[in-house]
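Quick notes on the structure that follows.
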Amino acid sequence: MKMKSILLAALVVIVLVLLTACGSESEPTEETDTSTQSDISQVSMTEWPTDKMGDLPEYPNGEVINHGDFGNGEYVVKVEGTNNDELKAYIDSLANDGWTVTDNSAEKGIYRADFSFFTADDQLQIILRTADVSEWPGEDELPTALFAPEGYTLTDVDLSPNGDNAWLFYYTCQGMDQAAVDKYVKDLQAKGWVGDTSQMTTQTKWNGKSCDMMLELYGLDGGNASFTVNFAYAQ
């Protein structure tokens, strides 16, 4: 019996030695280095989103409570704790800063800001719309008799078929007032166009064929001028 106890004790010692040896050969546990983990910070929704508002200066009154992207070039900011008088003063300051102001909106270049004040909860909603800058079509798409006015940003450029061998062209020139429209008309007249700001016509060669063109001033609003041009191969 004494011998059995001695053997059992020896066996226990051997097992413990083997377990210790196995533990020393095992791979060390890899600890997570928190210093290398990304620090994911939340974007503050209660600060004026300068990088989203283009040329529109920060609204100086109240507190921003939320903002976000509406898509299609629209970004909205909501402000709490302001009033109509402060809004009016802000819009007046935009007029002094080169913005074209009409009622509760303001335009400058490719930007248009619309302001809506909700009296019930003293909240102001500002929606800034940014127009997509466009390029003038190439000579394979549009006769060179028509050219863009120099020095203006183009937006809303659209060229589409308008029947057999006929097309409709639309474009807007940002920051173009009546005086600039009159100069554009004179530049076109110097290149053979006939007419005035209401309607101009010309006949030119395009793709080896005679082509009739008619231009009209579609609209002049907020310092932006829009034009439509119908052109087709002569019959």
Group every Ile, Leu, Val, Met, Phe, Trp and Tyr by side-chain heavy-atom contacts under 4.5 Å, then state whether L87 and I127 land in the same group.
-> no

Closest non-hydrogen atoms of N224 and G109, given as atom of the first, atom of the second and distance, are OD1-O, 4.0 Å

Test item: I110 and V133 side chains (from C-beta on) under 4.5 Å apart, heavy atoms | yes

Using a cut-off of 6.0 Å, state whether more than 12 heavy atoms not belonging to N96 lie near its atom CG.
-> yes

Report the C-alpha distance between N83 and D122 in whole Å, list the side-chain angles of each, state the deciding distance to 0.1 Å, and finish with yes or no for side chain to side chain donor-acceptor pair (under 3.5 Å).
-> CA-CA 6 Å; N83 55 57; D122 291 334; over 6 Å; no

Correct closest heavy-atom pair for L220 and A225 would be CD1-CB, 3.7 Å

Where D69 and G71 come nearest, the two heavy atoms and their spacing = OD1-N, 2.7 Å

Residues, nucleotides or ligands: over 12 heavy atoms within 6.0 Å of E63 CD | no

Closest heavy-atom contact between C211 and W206?
-> CB-CB, 4.1 Å

Any Y170 side-chain heavy atom under 4.5 Å of S226 side chain = yes

List the steps, then state whether side chain to side chain contact (heavy atoms under 4.5 Å, CB included) holds for W48 with M53.
-> CA-CA 9 Å; W48 182 262; M53 302 307 285; 3.8 Å; yes

Smallest separation among heavy atoms of W193 and M200, with atom names | CB-CE, 3.6 Å

Take atom CG in N207; do more than 12 heavy atoms of anything else shown fall under 6.0 Å from it?
-> yes

Aromatic ring proximity, centroids under 6.0 angstrom, W136 and F147 | no

Modelled atom types, side-chain donor and acceptor of T155 and Q174, under 3.5 Å = yes

Counting heavy atoms not belonging to Y218, are there more than 12 under 6.0 Å from its OH?
-> no

Y90 and T82: CA distance, side-chain angles, deciding distance, side chain to side chain contact (heavy atoms under 4.5 Å, CB included) verdict = CA-CA 11 Å; Y90 176 71; T82 186; over 6 Å; no

Answer with yes or no after comparing the ring centroid distance for W167 and Y233 against a 6.0 Å cut-off, counting only values under it.
-> yes

Hey, quick one: are L168 and M214 part of the same hydrophobic cluster, counting side-chain heavy atoms closer than 4.5 Å, chains of contacts allowed?
-> no

Is the shortest heavy-atom distance from the side chain of F169 to the side chain of P137 under 4.5 Å?
-> yes

Kindly check if the number of other-residue, nucleotide or ligand heavy atoms within 6.0 Å of CG (D132) is above 12?
-> no

Correct closest heavy-atom pair for G98 and K108 would be O-CG, 4.1 Å

Supply the atom-to-atom distance Y152 OH to E150 CD, rounded to the nearest 0.5 angstrom.
-> 10.5 Å

Is a side-chain donor or acceptor of E141 paired with a backbone partner of G138 at a separation under 3.5 angstrom?
-> yes

Using 30° and 60° as the class limits, which term best fits the ring planes of H67 and Y75: parallel, tilted or perpendicular?
-> tilted

Does Q123 reach the side chain of F117, with side-chain heavy atoms less than 4.5 Å apart?
-> no

R129 side, atom CZ; R112 side, atom CZ - distance, nearest 0.5 Å | 6.5 Å

Just by modelled atom types, is the G195 backbone N or O under 3.5 Å from a matching donor or acceptor in the Q189 side chain?
-> yes

Ignoring hydrogens and geometry, is there a side-chain-to-backbone donor-acceptor pair from Y59 to L124 under 3.5 Å?
-> no

Would you check if the side chain of N104 reaches a backbone N or O of S116 as a donor-acceptor pair within less than 3.5 Å?
-> no

Worked check of side chain to side chain contact (heavy atoms under 4.5 Å, CB included) between V79 and N61 = CA-CA 8 Å; V79 179; N61 306 110; over 6 Å; no

Going by the salt bridge (Lys or Arg N to Asp or Glu O under 4.0 Å) test, which pairs reach into residues 191-213, not counting sequence neighbours?
-> none

For residues L56 and W99, determine if any side-chain heavy atom of one lies less than 4.5 Å from a side-chain heavy atom of the other.
-> yes

Taking the side chain as every heavy atom from C-beta outward, state whether V77 and P49 have any pair of such atoms under 4.5 Å apart.
-> yes

So, K52 side chain and V76 main chain: donor-acceptor pair closer than 3.5 Å or not?
-> no

In terms of the angle between their ring planes, are Y171 and F227 parallel, tilted or perpendicular, with boundaries placed at 30° and 60°?
-> parallel

Within-4.5 Å side-chain heavy-atom neighbours: I126 and K78 = no

Assess whether salt bridge (Lys or Arg N to Asp or Glu O under 4.0 Å) is satisfied between D182 and K186, documenting all intermediate values.
-> CA-CA 6 Å; D182 293 340; K186 290 181 179 179; over 6 Å; no

Should we say atom CG of D140 is surrounded by more than 12 heavy atoms from elsewhere, each under 6.0 Å from it?
-> yes

Working for side chain to side chain contact (heavy atoms under 4.5 Å, CB included), residues D103 and F115 = CA-CA 9 Å; D103 296 329; F115 306 93; over 6 Å; no

